[in-house]
Amino acid sequence: MTQNAPATSLLDELRWRGLLADFTSHAAEALAAGQVTGYIGFDPTASSLHVGSLVPIMGLVHLQRAGHCPIALVGGGTGLIGDPSGKASERALLDKAQAEENARGIHRQLSLFLDFESRTNPARMANNLDWLSDMGMVDFLRDVGKHFSVNAMLRKESVKRRLDEEESGLSFTEFSYQLLQAYDFRELATRFGCTLQMGGSDQWGNITAGIDLVRRMGGPRCHGIVFPLLESRGGVKFGKTEAGTVWLDPERTSPYRFYQYWLNTEDADMVRYLRLFTLLGKAEVHELAQATSKNPHRREAQRRLAAEVTRIVHGQEGLDRAVQASRVLFGGSVEGLGADEIAEIFADVPSKTIAKSRLEAEGGLPLAPLMAEVGIASSGSAARRLIKEGGVYVGGVRVTDVRATLAAADAVEGRFVVLRVGKKRHCLLDAGAPI
RNA sequence: GGUGGGGUACCGAAGCGGCCAACCGGGGCAGACUGUAAAUCUGCUGGCUCACGCCUACGUAGGUUCGAAUCCUACCCCCACCA
């Protein structure tokens, strides 16, 4: 993933992949003229990135593959304030230690995608805490603020829209945020010769503000490239599921869930996603598109997409386990499985341990409350509703009685019970003594 | 600070003394059809071992009433216009 491809034009590559929304007018010449150092900022609001960050990450990957030098800037300083755009509620402020820890986590994840060891064009991490934390208010206003015309800032589309909106105002913090981001660009230009900033298309204003600031402060001509924002389909934001955000951190989102997320991509998004999130070439993407239209039920494209992305993030081993678990859970009846096989996939599939005595209790263990307890249903009522609707399965067999109970006989090898809700939600219960 | 309009379930939005656990739309979930897809159709969408019933909910706290999301009072918060 990190080896350098023959230097095709970065812009062309981004364009056919659907990663190019816009770029400043001289970006193409600058990229053609030689090695460029470019950066993208990441907010360290959590210790892990999520799949929503994959677009900018891939932006850096393509930058590096085209022979340029990527910088991942962690907004340790700006994160202390938070870019409030589009935020409905006040963001919890991070303390420094937390921000640092998050930065480390993000660095680790970026290492999966970027080559920090390359001799010719290594990737680099930077943290704007390094320059923002010691900067005084007065210095900032004098050295940076003076280069910003409030008139011009007010004319920016993003600002104008907010001012015109009757509902949401524009806080001073939000208004000033672009100064901080612009200053980041200036620092990166000075320290690392960085002359390119990339980001989501919502960052266009902040990026051009940075370009202007660098120039005003006597720096080189800089450039910007923005990616399209992934729109949400039918109200579901990209990267979210009913279970919440899909993270890159295996502790937060298991490789199995991660794999499943991609596997469930709808046909209409397949080709687009293959181009956006994998490094497969035109021929392969075309082939997979053909496969989808000819034999849709095989879901070849989905499998490939899920495999590619999962392998990068969780390694071959993580992918293998996810595939294995998927095969077991979706491959038919779970009843034929041995305890060993089930135990193996426990690591990745949502699971709970319950006391064996409860299964052996007189009258059995009531199913509905148990479902609430282990979290596969949100409440006992919800569980009963699901049973009434015919959406609950124990060991692959539909449960029809609202007052159904579990007994030792329901467990594979007297130990494992496989609960399923709908087609996709599984929960493994382990009633065995720990080894 | 003044005047007026508002705060209803995940979101939007009805209700304006009992028939309200609250119309409707979106979203979500389940079922059917499928391909762990989309579209479509059906059902569900506060909790309680839920048929009956009970409990908690309509910004917060009190009050009036046999009875309140609906009326009164105070407070908090939003919005508009005027200062």
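Order of the sequence lines sets the chain letters (A, B, ...), proteins ahead of strands, with each chain counted from 1.
- Taking atom C1' in both B:C77 and B:G28, the straight-line distance is 29 Å, to the nearest Å.
- Side-chain polar atoms of A:Gln203 and A:Gln197 form no donor-acceptor pair below 3.5 angstrom.
- Note on A:Lys424: a side-chain N or O is less than 4.0 Å away from OP1 or OP2 of B:A37.
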Might you list the N or O atoms of the protein lying below 3.5 Å from N or O atoms in nucleotides 41-48 of chain B, with each pair's distance?
unit_1 : atom_1 : unit_2   : atom_2 : d
B:G43  : N2     : A:Glu389 : OE2    : 3.1
B:C44  : O4'    : A:Glu389 : OE2    : 3.4
B:G47  : OP1    : A:Ser379 : OG     : 2.7
B:G47  : OP2    : A:Arg385 : NH2    : 2.6
B:C48  : OP1    : A:Gly380 : N      : 3.1
B:C48  : OP2    : A:Ser381 : N      : 2.6
B:C48  : OP2    : A:Ser381 : OG     : 2.1

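- Counting atom types as modelled, A:Gln302 pairs no side-chain N or O with a base atom of B:U36 as donor and acceptor under 3.5 Å.
- In this entry the distance linking CG of A:Leu386 with C1' of B:C29 reads 7 Å, nearest Å.
- Taking atom P on both B:G12 and B:G67, the two are 34 Å apart, rounded to the nearest angstrom.
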### Query
According to the Watson-Crick and G-U wobble definition with distances under 3.5 Å, which dot-bracket string, read 5' to 3', encodes RNA chain B, using [ ] for crossing pairs and | for pairs with another strand?
((((((((.[[[..)..(.....]]]((((((.......))))))(((....)))...[[[[[..)....]]]]]))))))).
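- Residue A:Lys423 places at least one side-chain N or O closer than 4.0 Å to OP1 or OP2 of B:A37.
- Look at A:Tyr261 and you won't find any side-chain N or O under 4.0 angstrom from OP1 or OP2 of B:A37.
- Between the side chain of A:Asp267 and the base of B:G35, at least one donor-acceptor pair of N or O atoms lies under 3.5 Å.
- Screening A:Ile57, A:Val313, A:Leu49 against A:Gln109 for a side-chain contact (heavy atoms from CB on, under 4.5 Å) leaves a single residue, A:Leu49.
- When the C1' atom is compared between B:C58 and B:C16, the two are found 12 Å apart, to the nearest whole Å.
- Partners of A:Leu280 under the side chain to side chain contact (heavy atoms under 4.5 Å, CB included) rule, at least two apart in sequence or in another chain, are A:Leu274, A:Thr278, A:Glu284, A:Val285, A:Leu288, A:Arg304, A:Glu308.
- One can place CZ of A:Arg327 at 19 Å from P of B:G35, the figure rounded to the nearest angstrom.
- For the P atoms, the distance linking B:G63 with B:C78 amounts to 28 Å, nearest Å.
- The separation of B:G53 from B:U64, taken at their P atoms, amounts to 29 Å, rounded to a whole angstrom.
- For the pair A:Arg425 and B:A30, the criterion of a side-chain N or O lying under 4.0 Å from OP1 or OP2 is met.
- Using a 4.0 Å cut-off between charged nitrogen and carboxylate oxygen, A:Lys352 and A:Asp430 do not count as a salt-bridge pair.
- Nucleotides B:U42 and B:G26, compared at atom P, are 12 Å apart to the nearest Å.
- Note: CE (A:Met270) to C1' (B:A37) measures 10 Å, nearest angstrom.
- Atom P of B:U65 sits at a distance of 23 Å from the matching atom of B:C75, rounded to the whole Å.
- Note on A:Arg420: every side-chain N or O is 4.0 Å or more away from OP1 and OP2 of B:A30.
- Projected onto RNA chain B by closest heavy-atom contact, A:Gly390 and A:Arg298 fall at different nucleotides, the more 5' of which corresponds to A:Gly390.
- Listed for the A:His426 side chain is a donor-acceptor partner under 3.5 Å among the backbone atoms of A:Lys424.
- Atom P of B:G27 sits at a distance of 43 Å from the matching atom of B:U3, rounded to the whole Å.
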